[in-house]
Amino acid sequence: QVQLVESGGGLVQAGGSLRLSCAASERTFSSLNMGWFRQAPGKEREFVARISWSSGNTYYADSAKGRFTISRDNAKNTVYLQMNSLKPEDTAVYYCAATAGWTIRYREYHYWGQGTQVTVSS
């Protein structure tokens, strides 16, 4: 059972940056593909970015391209999401998740963190 714990959320002004971290409890983390999702109030959970176990492949939602960067450090069992040029519409609870597959569908991710709130003020 992989446990994931997110951190790094907070309140930031539009145009600012935040770096989210997600620490995993198991060494098997290094064999899993990781994703970041977000969910705003009243909206469905949506895909943000994903990264392969080897960091060789990344993929972003259109809303994240050019502003967000996903990365991972398998030695630290941690995945990151660097978010720049934040907008009020980025406000949401951000979740990291792990999957053995290569997918953007949140239902196909097996392990989830508890989420971290990101609030972007205008």
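When a residue number appears, it is its place in the shown sequence, counting from 1.
Aromatic ring pairs are classed by plane angle as parallel below 30°, tilted from 30° to 60° and perpendicular above 60°; the pair Trp112 and Phe37 is tilted.
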Derivation and outcome, side-chain contact (heavy atoms from CB on, under 4.5 Å), residues Glu6 and Gln114: CA-CA 7 Å; Glu6 301 96 336; Gln114 82 289 349; 2.9 Å; yes
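Ser52 contributes atom OG, which lies 7.0 Å from atom CZ of Arg72 (distance to the nearest 0.5 angstrom). The line from OH of Tyr106 to OG1 of Thr99 is 14.5 Å long, rounded to the nearest 0.5 Å.
Val12 belongs to a hydrophobic cluster whose remaining members, ordered by chain and number, are Val2, Leu4, Leu18, Leu20, Phe29, Leu32, Met34, Trp36, Val48, Ile51, Tyr60, Phe68, Ile70, Val79, Leu81, Met83, Leu86, Tyr94, Tyr111, Val118, Val120; membership requires side-chain heavy atoms of ILVMFWY residues under 4.5 Å apart, directly or through intermediates. Leu11 forms part of no hydrophobic cluster, judged by ILVMFWY side-chain heavy-atom separations under 4.5 Å.
Ion pairing between Asp62 and Lys65 holds under the 4.0 Å rule for side-chain N and carboxylate O.
The main-chain N or O of Gln3 is found under 3.5 Å from a side-chain atom of Ser25 such that the two form a donor-acceptor pair. Under a 3.5 Å cut-off, the side chain of Thr91 and the backbone N or O of Thr119 do not form any donor-acceptor pair. Side chain of Asn33 to main chain of Trp53: a donor-acceptor pair is present (N/O by atom type, distance under 3.5 Å, no hydrogens or angles).
Pairing each heavy atom of Gly113 with each of Tyr95, the nearest pair is O-CD2, 3.6 Å. When all heavy atoms are compared, the tightest approach of Ser17 to Gln82 is CB-NE2, 3.9 Å. Closest of all the heavy-atom pairs between Pro88 and Ala14 is CD-CB, 4.1 Å. Listed here is the closest heavy atom pair of Lys76 and Thr78: O-OG1, 2.8 Å.
Here the side chains of Tyr80 and Cys22 are not in contact, with every heavy-atom distance at 4.5 Å or above. With contacts defined as side-chain heavy-atom distances shorter than 4.5 Å, the pair Glu26/Gln1 does not qualify.
Scanning for salt bridge (Lys or Arg N to Asp or Glu O under 4.0 Å) contacts around Arg19 gives an empty result, with sequence neighbours left out. For Ser30, the side-chain contact (heavy atoms from CB on, under 4.5 Å) partners at least two apart in sequence or on another chain are Asn74.
Evaluation of the side chain to side chain donor-acceptor pair (under 3.5 Å) test over residues 42-51, restricted to residues two or more places apart or in two chains, returns Arg38-Glu46, Gln39-Arg45. The stretch residues 94-116 participates, sequence neighbours left out, in these salt bridge (Lys or Arg N to Asp or Glu O under 4.0 Å) pairs: Arg105-Glu108.
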